[in-house]
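Chain A is the first sequence line, chain B the second, and so forth, proteins listed ahead of strands; every chain is numbered from 1.
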There are 2 protein chains.
Amino acid sequence: MQAGSVIRALGALAQEHRLAVFRLLVQAGPEGMPAGALAEAIGVPASSMSFHLAQLANAGLVAQRRQSRSIIYSADYAAMNCLMAYLTENCCGGAACVPAADCSPPVSEAKDVA
Amino acid sequence: MQAGSVIRALGALAQEHRLAVFRLLVQAGPEGMPAGALAEAIGVPASSMSFHLAQLANAGLVAQRRQSRSIIYSADYAAMNCLMAYLTENCCGGAACVPAADCSPPVSEAKDVA
DNA sequence: CCTATAATTCGAATAATGTTGAAATAACGT
DNA sequence: ACGTTATTTCAACATTATTCGAATTATAGG
């Protein structure tokens, strides 16, 4: 995976609605969900959802197929795997960066640090 | 890890210069690198680098410490691990999404798209 | 052919990010 | 205190993202 693709993929996921959509699609499995259902689930107008889905598709994170009048989107698990692989190999130095890591929130998470 | 933190981390890495900086810092190891060296390595003015480093720090991906006149930045491996963990658990469904995955570029990828 | 449904594209406003030089801050040596 | 070096902060500007209604395209059924 090339740096350019990685940046597109990261950028696609670095947005509230799109991250939510992608997670919905992962949960939905290979069957996927139609665009309209996603728009309703997330609570954005159809045109906005279309924009976000285009970003995810451009990043290669979702696939689309037409089924009658609906367009069904589904998560591309392989692409997600590739992204993870890149982050592991090229950003984490080829192995689990650090033995364990806690991952529990340090304080309140409300104000964030500087 | 919270969705908000994840979005900040993804957004921090979803930028050419910042991804490059982060990878440099990972390579540099725990010793890290001073801001000036990073600016020169990437080829951006000091004020721009400062901006990007602030984004990475805000996302919790890098740590900073002062050493004499320099401020040394270093990758926070644990944070990267947490991000990976979130992506795996919440986006890939708790396991390696798909058995293998090829990850080889489809065409030339030389020019990269937009 | 006409109507209804499902999505996308267009366009134009608003918001968020990225860039940079100049000024401010911090640490050091003299 | 002064000058030098290393970085950050400020402020103005440029670029890119996001939002969403209206218009458009595509499919299906009478």
Side-chain angles (χ1 to χ4, degrees), chain A residues 3-22 24-25 28 31-74 112-114, chain B residues 3-22 24-25 28 31-74 112-114:
Chain A
S5 307
V6 170
I7 289 174
R8 262 198 307 287
L10 291 171
L13 293 176
Q15 209 276 339
E16 183 189 351
H17 297 330
R18 289 196 295 265
L19 185 59
V21 164
F22 188 76
L24 266 184
L25 288 179
E31 289 182 36
M33 287 173 73
L38 289 168
E40 196 174 2
I42 302 295
V44 299
S47 62
S48 298
M49 181 52 63
S50 192
F51 168 80
H52 289 305
L53 288 170
Q55 306 273 302
L56 287 168
N58 178 254
L61 290 168
V62 303
Q64 54 193 141
R65 64 180 198 277
R66 178 172 280 269
Q67 187 175 90
S68 174
R69 268 172 295 195
S70 296
I71 295 187
I72 312 287
Y73 284 86
S74 52
D112 192 357
V113 319
Chain B
S5 308
V6 171
I7 289 176
R8 262 197 307 284
L10 291 171
L13 293 177
Q15 211 275 340
E16 185 188 351
H17 297 330
R18 288 195 297 262
L19 185 59
V21 164
F22 188 75
L24 266 184
L25 289 179
E31 289 182 36
M33 289 173 72
L38 289 168
E40 196 174 2
I42 303 294
V44 299
S47 61
S48 300
M49 181 51 64
S50 192
F51 169 79
H52 289 306
L53 288 170
Q55 305 273 301
L56 287 167
N58 178 254
L61 290 168
V62 303
Q64 54 194 141
R65 64 178 197 277
R66 178 175 280 274
Q67 186 175 90
S68 172
R69 268 173 293 193
S70 297
I71 295 187
I72 313 285
Y73 284 86
S74 52
D112 194 356
V113 320

Query raised in the report: When the distance from CD of Glu40(A) to P of dT5(C) is rounded to whole Å, what number comes out?
Result: 14 Å

Query raised in the report: CE of Met33(B) versus C1' of dT7(D): gap in Å, rounded?
Result: 15 Å

Query - Residue pair Phe51(A), His17(A): steps toward the side-chain contact (heavy atoms from CB on, under 4.5 Å) verdict - result: CA-CA 11 Å; Phe51(A) 168 80; His17(A) 297 330; over 6 Å; no

Report summary line: Shortest non-hydrogen pair, Arg66(B) vs Ile71(B), comes out as NH2-CD1, 3.8 Å

Query raised in the report: Nearest-Å distance, CG (Asn58(A)) to P (dT18(D))?
Result: 12 Å

Query raised in the report: Rounded to whole angstrom units, what separation is found between the CG atom of Leu53(A) and the P atom of dT19(D)?
Result: 12 Å

Query raised in the report: Yes or no on side-chain contact (heavy atoms from CB on, under 4.5 Å) for Leu25(B) and Leu61(B), after CA distance, side-chain angles and deciding distance?
Result: CA-CA 10 Å; Leu25(B) 289 179; Leu61(B) 290 168; over 6 Å; no

Query raised in the report: Picking from Gln64(B), Arg65(B), Met33(B), what satisfies side-chain contact (heavy atoms from CB on, under 4.5 Å) with Ser74(B)?
Result: Arg65(B)

Query raised in the report: Hey, does the side chain of Ser70(B) come within less than 4.0 Å of dT7(D)'s phosphate (OP1/OP2), counting only N and O?
Result: yes

Report task. Indicate the atoms forming the closest heavy-atom contact of Ala39(B) with Ala46(B), along with that distance. Result -> CB-CA, 4.3 Å

**Report entry** Protein proximity profile, nucleotides 18-30 of chain C - base contact B, sugar-phosphate-only contact S, no contact -, cut-off 4.0 Å on heavy atoms
**Finding:** BBBBB---SBS--

Query raised in the report: Rounded to the nearest Å, what distance is computed from the CG atom of residue Leu56(A) to the P atom of nucleotide dT8(C)?
Result: 12 Å

Report task. Give every residue pair that meets the side-chain hydrogen bond (donor to acceptor under 3.5 Å, both in side chains) criterion with at least one member in residues 33-48 of chain A, sequence neighbours excluded. Result -> none

Requested in this report: Report yes if a side-chain nitrogen or oxygen of Tyr73(A) is closer than 4.0 Å to either non-bridging phosphate oxygen (OP1 or OP2) of dT8(C); otherwise report no.
Outcome: yes

Requested in this report: Nearest whole angstrom, please: distance from the C1' of dA17(D) to the CD of Glu16(A).
Outcome: 14 Å

Query raised in the report: For Ala46(A), which contact category applies under a 4.0 Å heavy-atom criterion: base, sugar-phosphate, or nothing?
Result: base

Report summary line: Ile72(B) CD1 to dT5(D) C1', in whole Å, measures 14 Å

Query raised in the report: Within this structure, what is the CG-to-C1' distance between Leu38(B) and dT8(D), rounded to whole angstrom?
Result: 15 Å

Query raised in the report: Should Ile72(B) and Pro34(B) count as side-chain neighbours, where that means a heavy-atom distance under 4.5 Å?
Result: yes

